[in-house]
Amino acid sequence: MGIEHKTNGEPRGKAVVLLSGGIDSATTLAVAQADGYEAHTLSFDYGQRHRFELNAARAVAEHLGVRRHMVMEIDFSQIGHSALTAEIAVPKGRGHNQRASEIPVTYVPGRNTVFLSIALAWAETLAADSIFIGANAIDYSGYPDCRPEFIQAFQEMANLATKTGIEGNRIIVNAPLINMTKAQIIREGSRLGLDYSLTFSCYDPDRDGNSCGDCDSCTIRRQGFAEAGVKDPTSYIKSVT
């Protein structure tokens, strides 16, 4: 399964692309550019324990030649209540059924709402008509802010809350990977020439940035590469058993 890209070679306009440095956001950036958008990428240093992803985001942005890459600081650790921003153990070894039925402690309350709101503000100042987010509702860890219903609700709010929107120039929130499996996402990115060795997924890396191999994100990543028939360039601390 691939995405149909509609472009005649002319720029379609500007887009703000949320870029964490993982597989989904990096592929989303490649899709936005394949669709002809001038990409402005936005990452967040939000007190996450896996801050190595910020280095990956910068590397991906440079690799794909975006117009501007911005990193904004927001300290979610002051709120806490997430294994990504507080001293809470990251779950390991969860199977598919458990991931599909439980919202894990790696959920960061309000994260995508805040990220999209700042992307919206930047899009309005850039006169960009599109925002891209790598939300995925198929192979994910059960986060409620990765569902199509959330994306649609934010889309409606965005055009009620902005000068651009009430003047009739709607900003579209695009989630091109929302209904794709991780394997399909990896195949699409590979087709577009994305170098996945630049990306980073682990929720609980060691102090040198090596991926644990057993958190939800590592598990989904390694399964996705296996199902896609693409070599996983990641070095994991825990090998496949």
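Everything numeric here is computed off the predicted structure, so don't read it as measured data.
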Inset, instruction - Evaluate side chain to side chain contact (heavy atoms under 4.5 Å, CB included) for I131 paired with N174, printing each intermediate quantity in order. - result: CA-CA 6 Å; I131 296 169; N174 301 276; 5.8 Å; no
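- Note that the CG atom of N112 and the CZ atom of F115 stand 7.0 Å from one another [nearest 0.5 Å].
- With side-chain heavy atoms closer than 4.5 Å counting as contact, directly or through intermediates, I172 stands alone and belongs to no larger hydrophobic cluster.
- Annotation: side-chain hydrogen bond (donor to acceptor under 3.5 Å, both in side chains) contacts of H40 (sequence neighbours excluded): E38.
- For the side-chain hydrogen bond (donor to acceptor under 3.5 Å, both in side chains) test, no residue two or more places apart in sequence or in another chain qualifies with D129.
- Between the D35 side chain and the Y37 main chain, no donor and acceptor come within less than 3.5 Å of each other.
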Would you list the atom pairs, donor with acceptor, under 3.5 Å between side chains in residues 155-162 and any protein atom, with sequence neighbours excluded?
unit_1, atom_1, unit_2, atom_2, d
Q155, OE1, V173, N, 2.9
Q155, NE2, I171, O, 2.7
E156, OE2, Q152, NE2, 3.0
N159, OD1, I171, N, 2.8
N159, ND2, Q155, O, 3.1
N159, ND2, I171, O, 3.1
T162, OG1, A158, O, 2.9
T162, OG1, G165, N, 3.0

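- Residue pairs meeting the salt bridge (charged side-chain N to carboxylate O under 4.0 Å, His left out) criterion with at least one partner in residues 14-33, sequence neighbours excluded, are D24-K182.
- Among residue pairs with one or both ends in residues 43-61, those qualifying as salt bridge (charged side-chain N to carboxylate O under 4.0 Å, His left out) are D45-R51, R49-D204; sequence neighbours excluded.
- Listed for the N136 side chain is a donor-acceptor partner under 3.5 Å among the backbone atoms of M180.
- Taking 4.5 Å as the limit, every side-chain heavy atom of D206 sits out of range of all side-chain heavy atoms of C212.
- Scanning all heavy atoms of the two residues, the minimum distance from T106 to P91 falls at CG2-CD, 3.9 Å.
- The local environment of CD in E87 is sparse, with at most 12 non-hydrogen atoms from other residues, nucleotides or ligands closer than 6.0 Å.
- Residues passing the side-chain hydrogen bond (donor to acceptor under 3.5 Å, both in side chains) test with S211: none are found, sequence neighbours excluded.
- Residue pairs satisfying the ring-ring contact (aromatic ring centres under 6.0 Å, His included) criterion with at least one member in residues 66-89, sequence neighbours excluded, are listed as follows: Y46-F76.
- Nearest heavy atom pair, residue H63 against residue D195, reads NE2-N, 3.6 Å.
- Side chain of S217 to main chain of S201: a donor-acceptor pair is present (N/O by atom type, distance under 3.5 Å, no hydrogens or angles).
- Inter-residue side-chain proximity for I118 and W122 is flagged as unmet; no heavy-atom pair is nearer than 4.5 Å.
- Note: I23 CD1 to I185 CD1 = 8.0 Å, rounded to the nearest 0.5 Å.
- Within the structure, every pair that satisfies the ring-ring contact (aromatic ring centres under 6.0 Å, His included) test and touches residues 170-200, not counting sequence neighbours, is listed here: Y196-F225.
- Taking every heavy atom of both residues into account, Y203 and C215 meet most closely at N-SG, 3.4 Å.
- The SG atom of C202 sits 7.0 Å away from the CD1 atom of I237 when rounded to the nearest 0.5 Å.
- Follow the hydrophobic side-chain contacts under 4.5 Å out from M72 and you never reach F52; the two are in separate clusters.
- In this structure a side-chain-to-backbone donor-acceptor pair under 3.5 Å is missing from Q33 to A39.
- Looking at every heavy atom in both residues, V108 comes nearest to S82 through CG2-OG, 3.3 Å.
- Between V17 and S25, every side-chain heavy-atom pair lies at or beyond the 4.5 Å cut-off.
- The salt bridge (charged side-chain N to carboxylate O under 4.0 Å, His left out) test applied to D232 returns R221, not counting sequence neighbours.
- Remark: F132 CZ to L42 CG distance equals 14.5 Å, nearest 0.5 Å.
- Interatomic distance, CD1 of I220 versus CD1 of I138, reported as 12.0 Å (0.5 Å rounding).
- With contacts defined as side-chain heavy-atom distances shorter than 4.5 Å, the pair L194/L29 does not qualify.
- Within the 4.5 Å cutoff, side-chain heavy atoms of T27 are placed close to those of L177.
- The side-chain tip of R111 points at the ring of Y143 from less than 6.0 angstrom away and within 45° of straight on.
- Taking 4.5 Å as the limit, some side-chain heavy atom of K92 sits within range of a side-chain heavy atom of V90.
- A donor-acceptor contact shorter than 3.5 Å links the side chain of Q184 to the backbone of T181.
- Across I178 and P148, no two heavy atoms sit closer than the pair CG1-CG, 3.7 Å.
- Remark: S77 pairs with D75 by the side-chain hydrogen bond (donor to acceptor under 3.5 Å, both in side chains) rule, at least two apart or across chains.
- In plain terms, the two heavy atoms of F44 and L54 that are nearest each other are O-CD2, 3.4 Å.
- Applying the side-chain contact (heavy atoms from CB on, under 4.5 Å) rule to E167 yields the partners K163, N169; only residues at least two apart in sequence or on another chain are considered.
- Both I74 and V16 sit in one connected hydrophobic cluster of ILVMFWY residues. Membership requires side-chain heavy atoms under 4.5 Å apart, directly or through other members.
- V71 and L84 sit in two unconnected hydrophobic clusters of ILVMFWY residues. Membership requires side-chain heavy atoms under 4.5 Å apart, directly or through other members.
- Following chains of ILVMFWY side-chain contacts shorter than 4.5 Å, one can reach V114 starting from L116, so the two form part of one hydrophobic cluster.
- Side chain of S43 to backbone of L19: a donor-acceptor contact under 3.5 angstrom is found.
- Counting heavy atoms from C-beta outward, P176 and V31 have side chains that approach closer than 4.5 Å.
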